Protein chains: 2
Amino acid sequence: MKAGTDLAQIASLVGDPARANMLAALMGGTALTASELAMEAGVTLPTASAHLARLSDGGLLRMTRQGRHRYYALAGHQVAGMLESIMGVAAELGPRKVLPGPRDTAMREARICYDHLAGEAGVAMFDAFAARDLIAIEGDEVNLTTRGAIYFSGFGLDIEAMLEKRRPVCRSCLDWSVRRSHLAGSLGAGLLDRFIALRWVRREKDSRVIRFTPPGRTAFEKLLREA
Amino acid sequence: MKAGTDLAQIASLVGDPARANMLAALMGGTALTASELAMEAGVTLPTASAHLARLSDGGLLRMTRQGRHRYYALAGHQVAGMLESIMGVAAELGPRKVLPGPRDTAMREARICYDHLAGEAGVAMFDAFAARDLIAIEGDEVNLTTRGAIYFSGFGLDIEAMLEKRRPVCRSCLDWSVRRSHLAGSLGAGLLDRFIALRWVRREKDSRVIRFTPPGRTAFEKLLREA
DNA sequence: TTCATACTTTGGTTAGCATCGAACTATGAA
DNA sequence: TTCATAGTTCGATGCTAACCAAAGTATGAA
C-alpha cells in the first residue's frame with residue numbers, strides 16, 4: 001500500500017497530458033523556459049506555471065533563474081530513465097494501427113536521450129567501444145579502461161575533469177527503440193557535445209531527432225571501425 | 001506532442017492510488033482475483049472492477065478466466081520494468097523524512113521482482129554466476145553458457161524447455177534498491193521456483209519480501225561460492 | 001522613472017473520474 | 001431448480017484538478 005501510494009504520486013505527475021508534453025520536450029536535454037514549455041504543452045502561461053510548480057515540488061524538475069527567465073530541466077538521469085521506460089511501454093502497446101512514419105524512423109536511427117546519443121547509432125557506438133576495449137562492461141557497470149581514457153582524450157574530451165565529478169563517467173542506458181544499451185554518463189554526454197562541435201551531427205529543431213551530416217556520417221563510421 | 005500523449009496515457013493509468021496499489025500487488029508475480037485486488041487497493045468490488053477494466057484496456061494487465069474467478073496479472077516484463085523504474089524514482093525522491101524500516105530492509109535484502117529473485121541476494125547471485133562463466137554478459141545481453149546449461153540442468157532446471165520458448169532464458173533487470181543488475185528471464189524465474197521447492201526461501205505473505213530459511217541461507221551461500 | 005517582458009497568484013468555472021449502492025449476469029454447488 | 005459466490009454494469013454523487021482571465025510581482029531596458 002505504501003508502495004502503491006509512492007507509485008501513484010510520481011505517475012500522476014506524468015499522467016497529465018500537459019505535463020507529459022513538457023517532460024517529453026525536456027527529454028531533449030536542453031533546459032527550457034516556462035513560456036517555451038507552455039507553448040510545447042499547448043496551454044496558457046498561468047496553467048503552465050502551475051504545472052511546473054507541481055513538477056518541481058514533486059522532484060521531477062530542477063529550476064534555475066536567469067534574469068527574468070526561469071529555466072526548467074529534468075531533475076536527473078533517473079527521471080529521464082523512468083520516462084524512457086514509460087515511453088517503451090507506450091511504444092510496445094501503441095502501434096496497434098500506425099506503422100512507423102519517417103519521423104519515427106529518424107528517431108530510431110539517432111536521437112538525443114537527455115544529453116547523449118541514443119538510437120541505432122548510439123547502440124552501434126556502445127558496441128564498438130566495448131569491442132575495442134575502450135570501455136569495460138562488468139555486470140551492470142560500465143567503466144572506462146586506460147586505453148579508453150587515452151583514446152577519448154585524444155578525441156578532444158577532458159577525461160580528467162569527468163573523473164573528478166560525482167557523475168559516473170560511463171553508464172549504460174537501455175534504448176526503447178532497439179532494446180539494447182547505449183552509452184550514457186559524462187562520457188556519453190561529452191561525445192555528443194563533441195560530435196555537435198565537429199559538425200558531425202545536427203539537432204533537428206523542436207525534436208529529439210539527430211541528423212548526421214554527410215561528412216559526419218563518414219567520420220562517425222570511421223570512428224567506430226578504427227576506434 | 002505525440003510522445004507526450006502516449007506518455008500521459010500510460011502514466012495516468014498508474015497515477016491513481018487504487019490502481020497503483022493493484023499494480024504494486026501484482027509486482028509479486030502471482031496472478032490475483034478481482035476481489036483480492038479490491039482488498040489490496042481498499043476499494044469496493046465495483047470500483048475495482050472498473051479500474052481493472054481500464055488497466056486491461058490500456059494493455060497493462062492480462063486477464064484469464066478460471067471458473068467464476070478472473071485472474072489478473074501484469075501484461076509482461078516490460079510493464080514490470082516500468083513499474084520498477086517509477087518506484088526507483090519514488091525511492092530516490094521519497095526518503096525525505098522516513099528512514100528505512102525493518103520491512104524496507106528485508107525488501108532490500110531479498111524480494112520477488114515479478115517472477116525472479118531481486119535485492120542484494122539477487123545481485124550477488126547474478127555476479128557469482130557471471131564470475132563462474134555460467135552466464136556471459138555481452139553488452140546489454142546476457143546469455144547462458146554451455147557450462148551454465150550443464151550446471152543448471154544438474155540443479156534441477158529444465159533448460160531445454162526454456163530454450164524452446166520465445167521468452168529469453170537470461171535477461172538482466174536493474175535493481176532499484178541496489179542499482180545493479182540481477183538475473184531475470186526464464187532462468188531467473190526457474191531458479192526462484194527451485195529455491196522455493198527446495199524450501200531455501202519462503203515468500204512472506206501479502207508482500208514481495210523473500211525470507212531465507214536458515215538451512216536455505218547456508219545452501220544459497222554455498223551455491224554462490226561453488227557454482 | 002516608465003514601459004515591457006517574464007512569470008506567479010488569485011478566483012471562479014468546468015469537466016472528468018473515482019466512488020459506492022443497487023441491480024444484473026454468470027458460474028458452481030446443493 | 002434454487003441458492004451462493006464472483007464479477008460487471010448502471011446511476012447518482014461528490015471531489016479534485018485542469019483551465020483561463022485578470023491582477024499582481026519582479027527583472028531588465030529605455
Side-chain angles (χ1 to χ4, degrees), chain A residues 1 3-26 30-74, chain B residues 1 4-26 30-75:
Chain A
M1 36 191 70
T5 312
D6 293 349
L7 204 56
Q9 214 156 3
I10 300 296
S12 68
L13 285 175
V14 187
D16 172 81
R19 285 195 295 267
N21 276 313
M22 293 174 173
L23 291 168
L26 290 172
T30 53
L32 298 171
T33 65
S35 316
E36 288 171 323
L37 289 166
M39 284 286 293
E40 201 68 45
V43 294
T44 60
L45 242 186
T47 304
S49 182
H51 283 307
L52 290 168
R54 290 192 60 177
L55 288 170
S56 299
D57 286 349
L60 262 44
L61 256 42
R62 208 165 15 82
M63 189 260 288
T64 54
R65 293 162 206 262
Q66 220 163 98
R68 51 184 166 181
H69 292 281
R70 290 177 179 210
Y71 281 94
Y72 291 88
L74 296 186
Chain B
M1 34 194 71
T5 312
D6 293 348
L7 203 56
Q9 213 156 3
I10 301 294
S12 69
L13 285 174
V14 187
D16 173 81
R19 284 194 295 267
N21 276 313
M22 293 174 172
L23 291 168
L26 291 172
T30 52
L32 298 172
T33 65
S35 316
E36 287 170 326
L37 288 166
M39 284 287 293
E40 200 69 43
V43 294
T44 61
L45 242 187
T47 305
S49 181
H51 284 308
L52 291 168
R54 289 193 59 177
L55 288 171
S56 300
D57 286 350
L60 262 43
L61 256 41
R62 207 164 17 81
M63 189 261 286
T64 55
R65 293 161 204 262
Q66 221 164 97
R68 51 183 166 181
H69 293 280
R70 286 171 185 216
Y71 282 93
Y72 291 88
L74 296 185

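By convention in this document, chain letters (A, B, ...) are assigned in the order of the sequence lines, proteins followed by strands, and residues within each chain are numbered from 1. Because the structure is a prediction, the values reported are computed rather than measured.
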What integer distance in Å separates [X]:[atom1] from [N]:[atom2]?
X: N21(A); N: dC19(D); atom1: CG; atom2: C1'; result: 15 Å
X: R70(A); N: dT8(C); atom1: CZ; atom2: P; result: 5 Å
X: L45(B); N: dA22(C); atom1: CG; atom2: C1'; result: 14 Å
X: Y72(B); N: dG7(D); atom1: OH; atom2: P; result: 8 Å
X: R19(A); N: dA17(D); atom1: CZ; atom2: C1'; result: 9 Å
X: L52(B); N: dG7(D); atom1: CG; atom2: C1'; result: 10 Å
X: Q9(B); N: dC17(C); atom1: CD; atom2: P; result: 11 Å
X: M63(B); N: dA6(D); atom1: CE; atom2: C1'; result: 12 Å

With a non-hydrogen cut-off below 4.0 angstrom, is [X] in contact with a base, only sugar-phosphate, or nothing?
X: R65(B); value: nothing
X: Y71(A); value: nothing
X: A48(B); value: nothing

Are the side chain of R19(B) and the backbone of L13(B) linked by a donor-acceptor contact shorter than 3.5 Å?
-> yes

Please check if the side chain of S49(A) supplies one atom and the backbone of L45(A) the other of a donor-acceptor pair under 3.5 Å.
-> no

Scanning both residues in full, the closest heavy-atom pair of V14(B) with A20(B) reads O-CB, 3.4 Å

So, for Y72(A) and R70(A), which heavy atoms are closest and what is the spacing to 0.1 Å?
-> CD1-O, 3.6 Å

S49(B) side-chain N/O to dT8(D) phosphate OP1/OP2 under 4.0 Å = yes

Can a side chain N or O of T44(A) be found less than 4.0 Å away from OP1 or OP2 on dC20(D)?
-> yes

Candidate nucleotides [options], ranked by approach to the side chain of [X] - the nearest:
X: H51(B); options: dT19(C), dA4(C), dT9(C); value: dT19(C)
X: P46(B); options: dC19(D), dG21(C), dT19(C); value: dG21(C)
X: V43(B); options: dT8(C), dA17(D), dT19(C); value: dT19(C)
X: H69(B); options: dT5(C), dC20(C), dG7(D); value: dG7(D)

Residues L74(A), L60(A); criterion side chain to side chain contact (heavy atoms under 4.5 Å, CB included); working and verdict = CA-CA 6 Å; L74(A) 296 186; L60(A) 262 44; over 6 Å; no

